[in-house]
Amino acid sequence: MRALLVVAAVVLAFPVRVEANPARELVQHMSRGARPARLGDWVTYRFNGGGLRVYYWRLAVVGEEKDKEGRDAVWVEMEAGTHPAMKSPLAQMRMLVAREGDEIRYDAISRLYIGTGFGQPQEYSDEALQHVLKQQEADAKKAQSAPPEKQAPLPKGVKPTTRSGKESRLMTLAGTVAAVPVEVVLKNTVIKRMWLSREIPLLNLAKIEIPGIGHAMEVAEYGIDAKPRMRIPAPDAPKIKLEYADAILDDLPGDADDGHGHDTSEDTP
């Protein structure tokens, strides 16, 4: 589930990258039909970490309501698994996120549900959720203020550059889409390559490759008819308490190798 939180960070990062890139081709491409996230939008990506490490991630906007502060908000579901249709997903997350106009504020989460494997999903209590959000914010600030890791110096006058190509048709697992390639290049070596497309909902990301380590992420499916898929517990069901807020994240798939976790319900002694 730590990885699901990383995906939430990716949701924030990609729109910023799109806006920050001055490439005329990319700006023109997005201006011809890119739209804000809407109720029902969903997208599934295939992650290839090399070898047999293949996973799928699904992101969907499945509901709208007011949050506790009276702000417009949307319910966003995330799922992770080894099957593209998310049969028996390894992990699920559902969060209520504030919305300002066309922008989904992923830094303004007011409710959070988490479920793994065959376990019943649970909602984080207000105290537990605030703890997790503050911890994530503190970790982000710490990472920003930390001194940069020492790296081998580059030759004088050599620095990574970003370049983009012209809009073209890109073949993906989800079909052919119009996309603009953007590359991060060091001398003649491509460090990272991604294709941005106005046709892909939510992230506008069609594909990304990191050739040096053989990692890739590609859109597998997408649509505009998403429905809630996470089983929400009854309102009076036990919630995740503050003292278990970190433990449940540490014991979710991808973080622990021992295969067992903590009981996180409020009636845990």
Side-chain angles (χ1 to χ4, degrees), residues 3-38 40-61 76-86 89-90 104 106 160-186 188-226 254:
L4 277 181
L5 295 178
V6 171
V7 170
V10 170
V11 173
L12 282 174
F14 272 106
V16 172
R17 292 172 186 169
V18 170
E19 293 170 4
N21 194 302
R24 182 178 60 183
E25 293 85 359
L26 183 57
V27 173
Q28 291 178 343
H29 171 79
M30 289 300 178
S31 69
R32 289 197 292 269
R35 63 184 179 85
R38 298 173 181 170
D41 282 350
W42 64 274
V43 61
T44 299
Y45 287 95
R46 181 183 187 269
F47 285 77
N48 187 342
L52 299 177
R53 295 178 297 172
V54 175
Y55 302 93
Y56 292 87
W57 295 96
R58 184 177 189 270
L59 180 69
V61 180
V76 177
E77 283 188 350
M78 296 183 189
E79 296 177 279
T82 56
H83 191 281
M86 293 300 161
L90 297 175
I104 295 180
Y106 285 93
T161 59
T162 301
R163 66 190 184 192
S164 66
K166 294 185 179 298
E167 177 184 311
S168 60
R169 303 299 294 178
L170 175 69
M171 183 177 293
T172 72
L173 295 172
T176 304
V177 298
V180 173
V182 178
E183 296 179 334
V184 178
V185 182
L186 181 60
N188 295 322
T189 301
V190 176
I191 306 300
K192 182 187 300 183
R193 180 187 294 114
M194 56 186 173
W195 289 263
L196 299 170
S197 174
R198 65 179 186 273
E199 298 178 20
I200 308 299
L202 300 177
L203 298 187
N204 296 133
L205 177 67
K207 189 175 181 180
I208 183 170
E209 296 177 342
I210 306 178
I213 56 176
H215 288 194
M217 181 179 79
E218 180 178 348
V219 61
E221 294 180 289
Y222 63 93
I224 58 173
D225 57 350

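Each residue takes its place number in the sequence, starting with 1.
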Roughly how far, to the nearest 0.5 Å, is CD1 of I200 from CG of D41? 11.0 Å
Minimal non-hydrogen separation, A226 against R58, with atom names: CB-NH2, 4.1 Å
In this structure, CZ of R46 is separated from CD of E221 (nearest 0.5 Å) by 12.5 Å
Please name all residues satisfying side-chain contact (heavy atoms from CB on, under 4.5 Å) with A216, sequence neighbours left out, ordered by chain then number. E209
Tell me whether Y45 contacts the main-chain N or O of L205 through its side chain, where contact means a donor paired with an acceptor under 3.5 Å. yes
Where do Y222 and T172 land on the side-chain contact (heavy atoms from CB on, under 4.5 Å) test, with the steps shown first? CA-CA 11 Å; Y222 63 93; T172 72; 5.8 Å; no
Taking only residues two or more places apart in sequence or in another chain, which ones pass side-chain contact (heavy atoms from CB on, under 4.5 Å) with T176? R169, M171
Partner residues of D225 under the side chain to side chain donor-acceptor pair (under 3.5 Å) criterion, sequence neighbours left out: W42
Applying the side-chain contact (heavy atoms from CB on, under 4.5 Å) test to K192, which of V185, V182, V184 qualifies? V184
State whether the number of non-hydrogen atoms from other residues, nucleotides or ligands found under 6.0 Å of I191 atom CD1 is greater than 12. yes
What pairs of residues pass the salt bridge (Lys or Arg N to Asp or Glu O under 4.0 Å) test when at least one of them lies in residues 172-184, not counting sequence neighbours? R163-E183, E183-R193
State the CG-CH2 distance between L203 and W57, to the nearest 0.5 angstrom. 13.0 Å
The side-chain contact (heavy atoms from CB on, under 4.5 Å) partners of E167 (sequence neighbours excluded) come to H29, R32, A178, V180, R198
Closest heavy-atom pair and its distance - M86, A80: SD-C, 3.8 Å
Rounded at 0.5 Å granularity, tell me how far CG in L170 sits from CD in E218. 7.0 Å
Go through the structure and list residues passing side-chain contact (heavy atoms from CB on, under 4.5 Å) with Y55, not counting sequence neighbours. R53, T82
Measure across T44 and P84 and return the closest heavy-atom pair with its distance rounded to 0.1 Å. CG2-O, 3.9 Å
